[in-house]
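Report on the structure given below.
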Amino acid sequence: MNNIIQLIAGKVKGEIEENIIRVLEGEGNLDDIVDSVGEMVNDIGIKTIQAIISELNSIIKKSPERSGKYHVHKGKVERTLITKFGELEFERAYYKNINENNYVYILDELLGIEKYERVEGNLKGDILDKSTDVSYKKAAELSNTCGY
């Protein structure tokens, strides 16, 4: 947990310093600062979500309740979702239910991620809201809040 906080603090500090230097050297303006900070915020958002998901996956793996009912079938299965922050890639375990002889991604169920979902729920909602006023393609572009 502390690693992600240190990463964020370092990124923000570096972003501030770089933007100040660029502006003072005449190589940047407010538009450049807004673009740069937007990219940083999106990157921080993705990294924060990845850290949360990784920690949840670890907690599930170590859970005594889980180990009594489910065995790890595959330890690292990749998943990708499109979010407001950009593309979110993460790994999770695939479990076999010992009693019922079926398979499940416990993390996906815990997070409410549907089996074939490719776009995160909040982003889908934004796209639908905006699609009433504009084309579907334009709505998807507009829904990326920070524009990156």
Side-chain angles (χ1 to χ4, degrees), residues 1-22 28 30-132 134 136-148:
M1 182 80 79
N2 287 336
N3 288 344
I4 191 74
I5 293 168
Q6 290 172 346
L7 173 76
I8 291 169
K11 240 181 174 351
V12 171
K13 182 179 181 283
E15 192 68 32
I16 291 169
E17 291 169 350
E18 287 175 26
N19 277 297
I20 289 171
I21 290 168
R22 278 196 300 263
L30 181 60
D31 292 342
D32 297 327
I33 294 170
V34 170
D35 288 344
S36 173
V37 170
E39 289 173 11
M40 176 197 62
V41 167
N42 287 339
D43 186 54
I44 289 171
I46 290 293
K47 284 184 170 57
T48 302
I49 294 167
Q50 286 171 328
I52 292 167
I53 288 173
S54 177
E55 186 63 27
L56 287 169
N57 198 41
S58 180
I59 290 168
I60 292 167
K61 277 186 177 179
K62 294 175 186 173
S63 167
E65 295 85 14
R66 190 271 319 150
S67 62
K69 188 174 179 184
Y70 297 93
H71 285 187
V72 176
H73 181 69
K74 293 181 184 175
K76 293 182 178 182
V77 181
E78 292 182 4
R79 179 78 190 248
T80 302
L81 291 172
I82 304 302
T83 73
K84 289 181 177 186
F85 299 116
E87 194 171 86
L88 172 66
E89 296 176 347
F90 60 95
E91 294 178 339
R92 75 270 202 248
Y94 191 46
Y95 296 95
K96 179 179 180 180
N97 185 315
I98 314 165
N99 302 323
E100 299 174 17
N101 203 30
N102 61 0
Y103 298 86
V104 65
Y105 291 103
I106 297 173
L107 181 66
D108 288 10
E109 287 186 353
L110 183 64
L111 293 173
I113 301 171
E114 298 294 325
K115 190 172 185 178
Y116 295 105
E117 185 173 357
R118 298 289 175 253
V119 178
E120 174 264 331
N122 289 328
L123 180 56
K124 272 192 244 179
D126 285 352
I127 291 170
L128 288 173
D129 288 346
K130 290 180 174 114
S131 68
T132 59
V134 295
Y136 186 79
K137 181 181 179 198
K138 188 67 175 173
E141 292 169 1
L142 291 171
S143 291
N144 189 343
T145 311
C146 294
Y148 305 97

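Fair warning: this is a prediction, and the values are worked out from it, not measured in the lab. Sequence positions, counted from 1, serve as the residue numbers for this chain.
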Nearest 0.5 Å, what's the [atom1]-[atom2] distance between [X] and [Y]?
X	Y	atom1	atom2	answer
N19	I33	CG	CD1	5.0 Å
D43	T48	CG	OG1	9.0 Å
I53	Q50	CD1	CD	7.5 Å
L7	I44	CG	CD1	7.5 Å
D35	L30	CG	CG	9.5 Å
I106	I59	CD1	CD1	13.0 Å

side-chain contact (heavy atoms from CB on, under 4.5 Å) with I60: of E109, R66, R92, only one passes, and it is R66

Please find the pair of heavy atoms, one from [X] and one from [Y], that lie closest to each other, and give the distance.
X	Y	result
K61	A93	CE-CB, 3.7 Å
N99	N97	N-OD1, 2.9 Å
R79	K115	NH2-O, 3.6 Å
L81	E117	CD2-O, 3.2 Å
L107	E91	CD2-O, 4.5 Å
F85	V41	CD2-O, 4.3 Å

Y94 and Y103 aromatic ring geometry - parallel, tilted or perpendicular at 30°/60° bounds = parallel

Would a distance-only check, ignoring hydrogens and angles, find a side-chain to backbone donor-acceptor pair under 3.5 Å from E89 to E78?
no

Flag side-chain contact, heavy atom, 4.5 Å: Y95 against V72: yes

Would a 4.5 Å heavy-atom cut-off, applied to side chains only, mark K96 and N101 as touching?
yes

Show, in sequence, the C-alpha distance, side-chain angles and deciding distance for L88 and I46, and conclude whether the side-chain contact (heavy atoms from CB on, under 4.5 Å) test is met. CA-CA 6 Å; L88 172 66; I46 290 293; 4.0 Å; yes

### Message
Applying side-chain contact (heavy atoms from CB on, under 4.5 Å) to Y105 and K74, what does each step give before you reach the verdict?
### Response
CA-CA 10 Å; Y105 291 103; K74 293 181 184 175; 5.9 Å; no

- Query: Does the pair I82 and E120 meet the rule for a side-chain contact (heavy atoms from CB on, under 4.5 Å), with working shown?
  - Reply: CA-CA 6 Å; I82 304 302; E120 174 264 331; over 6 Å; no

